[in-house]
**Student:** 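Got a structure for you, written out below as structure tokens; questions coming shortly.
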Amino acid sequence: MADAYTAEELIRARLVAGWTATPLARLRFPNEEYIEDDVAPFASVEVIGGRDVPYIGQPGARLNRMDGVVMLHLMTPIQTGRASIAAMFRNARALLSSAIFGGVYMSGLSLGTGRPTDEDGLYHGSTASAPFFYLYHD
């Protein structure tokens, strides 16, 4: 049965299939083993589910809608400029912005939706976000 985790899997698959801004191991998802130990640009992806409600129809023949947001935390080593953040943003925008796939309907990707980030004093980052909704049958 489809649910919020299905939407997350679809978004992840789309990002993994088209990610070219960094080595694929530098595209990170929650609770995964961290493989590389060098200081290099990376993107950390969060898919946050929101309201999940019946949209139209009756039980057994109902279309449901789940709203959410994709948060991409784009990180680059400090004092290296923002070119790698721009490259990761453009790659993600090409894959997600206004895209429709597998019942997922993405809005545009906005940069700077979170506060500037530092991680252990080694990285500077920006957060990009894209609201979406996912339509599925129960």
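Values in this document were obtained by computation on a predicted structure and should not be read as measured data.
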**Student:** Test side-chain hydrogen bond (donor to acceptor under 3.5 Å, both in side chains) on Thr76 and His124 and set out the steps.
**Tutor:** CA-CA 5 Å; Thr76 191; His124 168 77; over 6 Å; no

**Student:** List the atom of Pro131, the atom of Gly108, and the distance in Å for their closest heavy-atom pair.
**Tutor:** CD-O, 3.9 Å

**Student:** Can you list the steps and then say if Phe132 with Tyr134 is a ring-ring contact (aromatic ring centres under 6.0 Å, His included)?
**Tutor:** CA-CA 7 Å; Phe132 70 92; Tyr134 174 52; 7.9 Å; no

**Student:** Among residues two or more places apart or on two chains, list those pairs meeting salt bridge (Lys or Arg N to Asp or Glu O under 4.0 Å) that have a residue in residues 86-109.
**Tutor:** none

**Student:** Taking the side chain as everything from C-beta on, heavy atoms only, tell me whether Ser126 gets closer than 4.5 Å to Leu111.
**Tutor:** yes

**Student:** Which atom pair, heavy atoms only, marks the closest approach of Asn64 to Pro54?
**Tutor:** OD1-CA, 3.3 Å

**Student:** How about His73 and Phe42: do any of their side-chain heavy atoms sit closer than 4.5 Å?
**Tutor:** no

**Student:** Quick check: closest heavy atoms across Ile85 and Gly125, and the distance to 0.1 Å?
**Tutor:** CD1-CA, 4.0 Å

**Student:** Can you check whether Leu96's main-chain N or O pairs, donor with acceptor, with Arg14's side chain at less than 3.5 Å?
**Tutor:** no

**Student:** Taking a hydrophobic cluster as the set of Ile, Leu, Val, Met, Phe, Trp and Tyr residues connected by side-chain heavy atoms closer than 4.5 Å, whether directly or through intermediates, do Leu24 and Leu15 fall within one such cluster?
**Tutor:** yes

**Student:** Any chance you could lay out the side chain to side chain contact (heavy atoms under 4.5 Å, CB included) test for Val45 and Arg12, step after step, and finish with the verdict?
**Tutor:** CA-CA 9 Å; Val45 181; Arg12 177 189 175 121; over 6 Å; no

**Student:** May I have all residue pairs that pass salt bridge (Lys or Arg N to Asp or Glu O under 4.0 Å) and include part of residues 53-76, sequence neighbours excluded?
**Tutor:** Arg62-Asp138, Arg65-Asp67

**Student:** For the pair Asn91 (side chain) and Thr20 (backbone), establish whether a donor and an acceptor sit closer than 3.5 Å, ignoring hydrogens and angles.
**Tutor:** yes

**Student:** Taking C-beta and beyond as the side chain, do Pro77 and Pro41 meet within less than 4.5 Å on heavy atoms?
**Tutor:** yes

**Student:** To the nearest 0.5 Å, how far apart are CG in Leu122 and CD1 in Ile78?
**Tutor:** 6.5 Å

**Student:** How far apart are the closest heavy atoms of Val69 and Ser129, and which atoms are they?
**Tutor:** CG2-CB, 3.9 Å

**Student:** How long is the straight-line distance from CG of Leu95 back to CD1 of Ile11, given to the nearest 0.5 Å?
**Tutor:** 12.0 Å

**Student:** Counting only N and O atoms by type, is there a donor-acceptor contact under 3.5 Å from the side chain of Arg26 to the main-chain atoms of Ala40?
**Tutor:** yes

**Student:** Are Leu63 and Ile100 connected, step by step, through hydrophobic side chains (Ile, Leu, Val, Met, Phe, Trp, Tyr) whose heavy atoms are closer than 4.5 Å?
**Tutor:** yes

**Student:** Which heavy-atom pair separates Ala130 from Met106 by the least distance, and what is that distance?
**Tutor:** CB-CE, 3.6 Å

**Student:** Counting only heavy atoms not in Glu32 (residues, nucleotides, ligands), do more than 12 fall under 6.0 Å from its CD?
**Tutor:** yes

**Student:** Does anything in residues 39-58 pair up under salt bridge (Lys or Arg N to Asp or Glu O under 4.0 Å), and if so which pairs, sequence neighbours excluded?
**Tutor:** none

**Student:** Hydrophobic cluster membership, with links at side-chain heavy-atom distances under 4.5 Å among I/L/V/M/F/W/Y: are Leu135 and Ile56 in one?
**Tutor:** yes

**Student:** What is the distance from atom CG of Leu10 to atom CZ of Phe101, rounded to the nearest 0.5 Å?
**Tutor:** 6.5 Å

